[in-house]
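Data first, discussion second: the structure below is written as structure tokens.
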Amino acid sequence: MRRRKIKRYRKKKIPKKMICTGIGILLILMIILGIRAIRVQNRGLYKNIKVDASKPEIDVQLLDINEYSRPGIESEKIKGIVIHYTANPGSTAQNNRDYFQSLKDTHATSVSSHFVVGLDGEIVQCIPTWEYAYASNSRNKDTVSIECCHEDESGVFNEETYKSMVQLTAWLCKKFELTEKDVIRHYDVTEKNCPKYFVENEEAWKQFRKDVRKAMDRSGKKWKEEK
């Protein structure tokens with residue numbers, strides 16, 4: 001009986017080679033996932049973004065005045081530019097503009113933005129910069145909001161979107177006599193995780209502000225205020 005028990009026990013034992021192989025595979029997977037995480041983290045840290053603070057091409061599609069997305073209230077003196085992300089992966093600038101427009105009929109919520117930057121770098125203007133947008137809560141009264149599209153759940157902006165974000169922000173800073181320090185995140189107003197990538201990756205946010213500063217510096221004395 002004793003010998004049978006021993007034999008049965010031996011049959012159930014897992015060979016050391018299998019354990020070592022399993023550990024090796026697990027380590028390899030951890031390394032791969034770690035590399036991918038680093039790549040995602042660094043995707044938003046773009047190098048050599050060469051744009052200036054000239055007025056970018058803007059597709060003006062103003063919303064109809066309505067109490068749910070364009071109240072028509074005149075803003076106070078503009079003191080800041082607020083950066084947002086759509087939180088709707090894969091959606092375009094046109095998709096988001098049309099959603100804002102639809103709220104006048106659906107009354108689903110109250111939300112909007114002055115500008116939406118799309119996945120191909122296109123910029124759609126929804127509300128004049130001298131009017132309120134329902135985007136930044138207590139700072140609606142004295143800020144201009146930029147809603148930015150992103151491809152996936154990470155919230156990372158692709159290069160074309162990022163370039164347009166930098167140029168548009170720099171142009172608006174020049175227009176309203178602001179600096180990169182006046183560029184804030186929705187998070188800085190309400191602590192909402194928006195824009196996700198810039199909240200979760202502080203270095204990427206610092207780099208964005210630096211790129212806005214560089215764009216303004218490139219324009220220098222050649223810049224003329226756009227009306």
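With values rounded to the nearest 0.5 angstrom, Thr106 atom OG1 is found 4.5 Å from Leu103 atom CG. A distance of 12.0 Å separates CD1 of Ile123 from CG of Asp120, quoted to the nearest 0.5 Å. Taken from CD in Glu74 to NZ in Lys141, the straight-line distance is 15.0 Å, to the nearest 0.5 Å. Here the OG atom belonging to Ser219 is positioned 14.5 Å from the NZ atom belonging to Lys55, to the nearest 0.5 angstrom. Interatomic distance, Cys173 SG to Met216 CE, rounded to the nearest 0.5 Å: 5.0 Å. Rounding to the nearest 0.5 Å places CD of Glu200 at 9.0 Å from OG of Ser154.
With sequence neighbours left out, Ile73 forms a side chain to side chain contact (heavy atoms under 4.5 Å, CB included) with Pro71, Tyr132. For the side chain to side chain contact (heavy atoms under 4.5 Å, CB included) test, residues two or more places apart in sequence or in another chain that qualify with Asn158 are Leu119, Glu151, Glu160, Thr161. Under the rule for a side chain to side chain contact (heavy atoms under 4.5 Å, CB included), Asp105 has no partner lying at least two apart in sequence or in another chain. Remark: Glu122 engages no residue in a side chain to side chain donor-acceptor pair (under 3.5 Å) (not counting sequence neighbours). Applying the side chain to side chain donor-acceptor pair (under 3.5 Å) rule to Glu202 yields the partners Arg185; only residues at least two apart in sequence or on another chain are considered. Partners of Asp59 according to the side chain to side chain donor-acceptor pair (under 3.5 Å) rule, which considers only residues two or more places apart in sequence or in another chain, are Gln61. Listed by chain and residue number, nothing satisfies the side chain to side chain donor-acceptor pair (under 3.5 Å) test with Arg97 (two or more places apart in sequence, or in another chain). Residues forming a side chain to side chain contact (heavy atoms under 4.5 Å, CB included) with Asn95 (at least two apart in sequence, or on another chain): Ser91, Thr92.
Judged by distance alone, the side chain of Asn201 and the main-chain N or O of Phe198 form no donor-acceptor pair under 3.5 Å. Panel note: side chain Asn96, backbone Gln94; no donor-acceptor pair is recorded below 3.5 Å.
Every pair passing salt bridge (charged side-chain N to carboxylate O under 4.0 Å, His left out) that includes a residue from residues 124-135 is listed here, sequence neighbours excluded: Arg70-Glu131. Residue pairs meeting the ring-ring contact (aromatic ring centres under 6.0 Å, His included) criterion with at least one partner in residues 94-124, sequence neighbours excluded, are Tyr68-His107.
Linking ILVMFWY residues whenever their side-chain heavy atoms come closer than 4.5 Å, directly or via other members, places Ile127 and Val111 in the same cluster. Hydrophobic clustering (ILVMFWY, side-chain heavy atoms < 4.5 Å, transitive): Val166 and Ile58 are in one cluster. Tracing side-chain contacts under 4.5 Å through hydrophobic residues (I, L, V, M, F, W, Y), one reaches Met165 starting from Leu168; they form part of the same cluster. Note: the hydrophobic cluster containing Leu172 also contains Leu178 (ILVMFWY, side chain heavy atoms under 4.5 Å, direct or indirect links).
Inter-residue side-chain proximity for Thr129 and Lys175 is flagged as met; some heavy-atom pair is nearer than 4.5 Å. Annotation: side chain of Cys149 is in contact with side chain of Val116 (closest heavy-atom distance under 4.5 Å). Two residues are said to be in side-chain contact when any heavy atoms from C-beta on lie closer than 4.5 Å; Trp130 and Pro128 meet this criterion. Inter-residue side-chain proximity for Ile49 and Val51 is flagged as met; some heavy-atom pair is nearer than 4.5 Å. Side-chain atoms of Leu63 and Ser112, non-hydrogen and from C-beta on, do get closer than 4.5 Å to each other. The shortest side-chain heavy-atom distance between Tyr134 and Ser110 falls under the 4.5 Å cut-off. Using a 4.5 Å cut-off on side-chain heavy atoms (C-beta onward), Ser54 and Trp171 make no contact. A 4.5 Å side-chain heavy-atom check between Val189 and Ser138 finds at least one atom pair inside the cut-off.
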- request: Would you please test Thr143 and Asn140 for side chain to side chain donor-acceptor pair (under 3.5 Å) and show each step?
  value: CA-CA 6 Å; Thr143 58; Asn140 287 337; 5.4 Å; no

- prompt: So Tyr187 and Asn193, side chain to side chain contact (heavy atoms under 4.5 Å, CB included) or not? Walk me through it.
  reply: CA-CA 6 Å; Tyr187 168 82; Asn193 192 20; 5.8 Å; no

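Ala53 approaches Lys174 most closely through the heavy-atom pair CB-CG, 3.8 Å. Contact record, Trp205 with Asp188: CZ2-OD2, 4.5 Å, taken as the closest heavy-atom pair.
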Under 3.5 Å, side-chain donor or acceptor atoms of residues 208-215 against the rest of the protein: list the pairs with distances, not counting sequence neighbours.
{"residue": "Arg209", "atom": "NE", "partner": "Glu180", "partner atom": "O", "Å": "3.2"}
{"residue": "Arg209", "atom": "NE", "partner": "Val183", "partner atom": "O", "Å": "3.1"}
{"residue": "Arg209", "atom": "NH2", "partner": "Lys181", "partner atom": "O", "Å": "3.0"}
{"residue": "Arg209", "atom": "NH2", "partner": "Val183", "partner atom": "O", "Å": "2.9"}
{"residue": "Asp211", "atom": "OD1", "partner": "Gln207", "partner atom": "NE2", "Å": "3.1"}
{"residue": "Asp211", "atom": "OD2", "partner": "Tyr162", "partner atom": "OH", "Å": "2.6"}
{"residue": "Arg213", "atom": "NE", "partner": "Asp217", "partner atom": "OD1", "Å": "3.1"}
{"residue": "Arg213", "atom": "NH1", "partner": "Glu180", "partner atom": "OE1", "Å": "3.3"}
{"residue": "Arg213", "atom": "NH2", "partner": "Asp217", "partner atom": "OD1", "Å": "3.0"}

Quiz: residues 77-85 side-chain donor-acceptor pairs under 3.5 angstrom, not counting sequence neighbours:
{"residue": "His84", "atom": "ND1", "partner": "His186", "partner atom": "ND1", "Å": "3.4"}
{"residue": "His84", "atom": "NE2", "partner": "Ser136", "partner atom": "OG", "Å": "3.1"}
{"residue": "His84", "atom": "NE2", "partner": "Ser145", "partner atom": "OG", "Å": "3.1"}

